[in-house]
Amino acid sequence: MAEIEKVEGYRAGQTFPPSPEFTAQANVRDPHIYDEAAANPEAWWAKRAGELRWTQPWTKICEWNPPHAKWFLGGRLNVADNCLDRHLAGPRRNKAAIIFEGEPGDTRVLTYWDLHREVCKFANVLLSQGVRKGDRVTIYLPMIPEAAIAMLACARIGAVHTVVFGGFSADSLRERIGDSQSKLLITADGGWRRGNVVRLKDAADAAIEGETTIEKVIVYNRMEDPRHVHMEPGRDLWWHRLMEEAGASSEAEPMDSEDPLYILYTSGSTGKPKGILHTTGGYLTGVTATTKDIFDIKEEDVYWCTADVGWVTGHSYVVYGPLANGATVFMYEGAPDWPQRDRFWALIEKYGITILYTAPTAIRAFMKWGTDWPAKHDMSTLRVLGSVGEPINPEAWLWYHRHIGGERCPIVDTWWQTETGAIMITPLPGLSTTKPASASRPFPGIAAEVVDEQGSPLPQGTDQTGILVITRPWPSMLRTLWGDDERYRKVYWSKFEAQGYYFPGDGARRDEDGDYWLLGRVDDIMLVAGHNISTMEVESALVDHPSVAEAAVIGRVHEIKGQAIAAFVTLKEGVTHTSELAGELKSHVAKKIGAISRPDDILFTAELPKTRSGKIMRRLLRDIAEGRALGDTTTLADPSVVASLKEKYSEEG
Ligand code: 6R9
């Protein structure tokens, strides 16, 4: 297992129990909840669902017709009512629901009262534009409070939102609008990114040019002068004009527990994006319970999840989970290095952020920029740190622990997917003794297993790389793929059809203690001379070297070994790449995890190809290493990165 070594001040194999002070105040401190939930998962989830406000109780907890599940059948509730109205009766009424800072430094605070009013008014705007329960609404906005307002307003009237990340192109937006058959589009004239204006309205216009299902476009005026924005008469309407006329009284639509809440597209590595469908009662139960237990949310917390609302993390852990818990959510529009590389740390100091939830890709960038940036700021308010999106390397985990968490904050490394709706494998911060790079164990009520290709469980503590499966339905699971149930069955349920297991597509191992180690996508796991080697472990060994900032490893076809290991490496600032260093890195990996894992090629690069949510696209690196034409690059943050890598590889490789 990827163990720490050679990090100053830490021992190999060191584990991190929560401090007694943390445990004493934690929302969850009784380890028996694992047993309680395992003994009767349905009863346990029903208990968690009972923490929400239902306007009609359910008559049945779960109905499982593999691969289709329904939860809390017959129950009625409204997500916006639970996130807003429910908090207005008590002291939360005047509490900050959203604290916002834009990239240029503009700030806004919306109390629960304010947010409720805005959502009610916008719900009336949607109704006035002909949106009805079940209709799809596409949201294409920057990271501003209006994104949450638009989502909650849809939920309030029962419209199904589909949020498209504001960094996506007109083509991606067109495809998602077409697939969801949305009738209304909500966008803005623009947003800020590293001092530049991202012109969302131009992309929106291009996306609906010609044949489209979109009838109306509501445009939020974020930039200076609305007169410079092209508005199509009869189709485009200003958000602020509509809001001036909208009434503030609105009844939340009592939704059936299984009514759709949203569709969110995930770009699989191949094929067209999958429209993940989430419904109402089970989803809200999952995100509410996990937010409360895993982030240890308290009334006085200022919680910051740095994900954009365009990703599932933004749906579940910026908007629905925290607001359902009545938390104060901090929202920031821009880049972490604008105007300087300490923007995040400055924000933490300024707002007294107590809980930070971010991604390994961001942490590795911070490591690369050096410790002086965080050291400049007082971050003593922080008390819980979270990680999501990719396996976190032990080096990055320890850096986060020391330089951001001041060695006092528990780290919750949370494994989950757009499809799972809510966090599935995670520490509980007051209970779990964590190990750098292990996501600990399934959240109470979640049943997971690590199996071999045949679906037989692998013993704990084995060296063999297994496949992660979820063995029972859970409330926040996707219900299907929008308009393509066949693909839903095929992608997630056909691999272990006989056993009825959900197949997430990730490799994993379980150690002697029963802790899970997530090893990346199964497609990324290499087979070198008959050995399964996880790309993640080789990457972690590389990142463990003091010169390396980030690494991406792939297996390329090799005549003799089946696959050979190619590593794409970015170096820390100020380090020059030499062939000696390449040799040193190869030996470093061999020494750390064994000669079989020694990389055959090392290629130094300034950037790695990543998706817009920061995940490394190893598929494209395989295309490069095997000299193929590049596959689909539309989801890349910066397509020029792969083009220049391809050139470099053919020169050096
Ligand atoms: C929430 C989110 C899902 C995939 C997932 C896995 C990877 C996410 C992880 C992790 C290891 C973690 N992943 N969290 N791998 N440790 N803590 O990221 O959803 O965008 O759908 O991606 O991300 O490979 O299967 P999504």
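Start at 1 and go down the list; that is how both ligands and their atoms are numbered.
Side-chain contact check for Y488 and W493: at least one donor-acceptor pair (N or O, by modelled atom type) lies under 3.5 Å.
The shortest N or O to N or O distance between T313 and ligand 1 is not below 3.5 Å.
At the top of the distance list for atom 14 (N) of ligand 1, counting protein heavy atoms only, stands G389 N, 3.0 Å. At the top of the distance list for atom 1 (C) of ligand 1, counting protein heavy atoms only, stands W416 CE2, 3.4 Å. The protein non-hydrogen atom at the shortest distance from atom 22 (O) of ligand 1 is K615 NZ, 3.1 Å. Among protein heavy atoms, atom 24 (O) of ligand 1 sits closest to D506 OD2, 2.8 Å. With respect to atom 11 (C) of ligand 1, the closest heavy atom belonging to the protein is P391 N, 3.1 Å. Annotation: atom 16 (N) of ligand 1 to nearest protein heavy atom, E390 O, 3.4 Å. Of all protein heavy atoms, the one lying nearest to atom 21 (O) of ligand 1 is T418 OG1, 2.6 Å.
For ligand 1, the atoms closer than 4.0 angstrom to any heavy atom of V388 are 1 (C), 14 (N). Less than 4.0 angstrom separates some heavy atom of L518 from each of these atoms of ligand 1: 11 (C). Residue T414 approaches ligand 1 through these ligand atoms, each under 4.0 Å from one of its heavy atoms: 9 (C), 12 (C), 14 (N), 17 (N).
For the salt bridge (charged side-chain N to carboxylate O under 4.0 Å, His left out) test, no residue two or more places apart in sequence or in another chain qualifies with D413.
Each of W311, Y317, F443 was scored for a ring-ring contact (aromatic ring centres under 6.0 Å, His included) with W416, with one residue passing: Y317.
Between Y502 and L478, some side-chain heavy-atom pair lies under the 4.5 Å cut-off. In this structure, R479 and W71 have side chains that are in contact, with non-hydrogen atoms separated by less than 4.5 Å. Between T354 and V384 there is no side-chain heavy-atom pair separated by less than 4.5 Å. Using a 4.5 Å heavy-atom cutoff, the side chains of L173 and F168 are not in contact.
The backbone N or O of E537 sits less than 3.5 Å from a side-chain atom of S534, completing a donor-acceptor pair.
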